[in-house]
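As the structure lists them, so they are numbered: ligands from 1, and atoms in each ligand from 1. Keep in mind that the numbers below use all heavy atoms, side chains included, and drop hydrogens, waters and symmetry copies.
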Amino acid sequence: MTRRIDLKRIHTAHFGTMRAINRQIVLNYVRDRGPISRAEIARRTELQRSTISEIVDSLLEEGLIEEVGSGQSTGGRCPTLLALRANGAAAVGIDIAPTHTTVAASDLAGRVLEREVFETTRDFDKTISRAASAARRLAALSPGLISGVGVSLPGLVNPSTGKLIYVPYFNWRDLDVSRPIAAATGLKVAVDNDANAAALAELWFGRGEVGEARDFVMVFISEGVGTGIIFDGQIYRGEGGAAGEFGHMIIGERAPVPCSCGGYDCWEAFASGRAAVARYAALGGPRQLSFARLIDRALGGETAARKALLETAHYLGRGISNLVVGFSPEIVVVGGRITRAWELVSGVLEEAVMRSVRRDLPPARITPSTIGEEASLMGALSLVLADKFAPVAAI
Ligand SMILES: [Zn+2]
């Protein structure tokens, strides 16, 4: 693939670049194919044995990988096998969702080891200080092993400043997220919105078919609708981190609920969990019900709940169809609680994708999130973990 050289980023091509690239290659072989021997890595990569030994030594020293016993001998000594370090935590993630906040510590493979959950309150300082002290407690359980804290928020965020720009659900504006958490934990803090973070988690910790796709779109359904765009194997953030606000694209008129921006024509107002609950209420269901409970009732076979969910899925599909026509992604990943009802809604969503096929575009695959219902928590953890495995910026 040819890419125009970006002269603003040419300082990345320093002396150590080749070594850094080789290091990432070896680390990712251990991550994806481990347990694996040094000889096997050499055979697959054609890197010199001495280069691999040197890199493996430094990865062992940094605690990213470990020796996990011996493999089968092909004559001579049994080779020592290498795998990602499995003991102790490597990252702390804070997922601030509209109803509750989850703080969790995970190992290098993204397995959650410990968690703390509390109700998110409208009081920003209260929510952040509680999250920060939970993060400090979890980090203290694996002293010296945690390299950072990732924070996922349901709104507009500027990842380069660590500040939130606007979180409509709580009407939070222009607030510093990373500073109080960094001060409490002494760790580096990375902040992003929930859909971008979930897309990153799919890329690094999702099933192979998604992780190997260079271009995909993550549609994240919660109280709102968010999209994360993975372009050429990385998050496409746009200027100031504001790309992907497709929740506000115009889908119709007179939605069942107002969008978080106040409009009644936005995708979010038609396809979010809130929209589904409002449809259910219009059919006689209770007004005060969580989207998760509505899904339970639909799965239990309750007619009105099924109807509300399927109508919501229809509008979800409409928006996805627009994204497919505009982006032609390999895959559209749908994340959030709706994935639990995939069997019920997938037919409606597939129909939407067929609309682009009729326009002779390559068919995009549509798939439920492969990292489960907790996509935004996995996303928060990935903001720290992906950094460890990502290659150095290419020029
Ligand atoms: Zn809107």
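- Note that CD1 of I181 is 12.0 Å distant from CZ of R136, once rounded to the nearest 0.5 Å.
- Using a 3.5 Å distance cut-off with no hydrogens or angles, the side chains of T101 and T120 do pair a donor with an acceptor.
- Among residues two or more places apart in sequence or in another chain, the side chain to side chain contact (heavy atoms under 4.5 Å, CB included) test is passed with S129 by none.
- Sorted by first and then second residue, the ring-ring contact (aromatic ring centres under 6.0 Å, His included) pairs with a member in residues 114-158 read F124-W172; sequence neighbours excluded.
- The number of protein N/O/S atoms found under 2.8 Å from the Zn ion (ligand 1) is 4.
- Contact of the I41 side chain with the R33 side chain is not registered, since no non-hydrogen atoms from C-beta on lie closer than 4.5 Å.
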Would you mind writing out the side-chain donor-acceptor pairs for residues 379-390 within the sub-3.5 Å range, not counting sequence neighbours?
residue, atom, partner, partner atom, Å
S382, OG, M378, O, 2.7
K388, NZ, S147, OG, 2.8

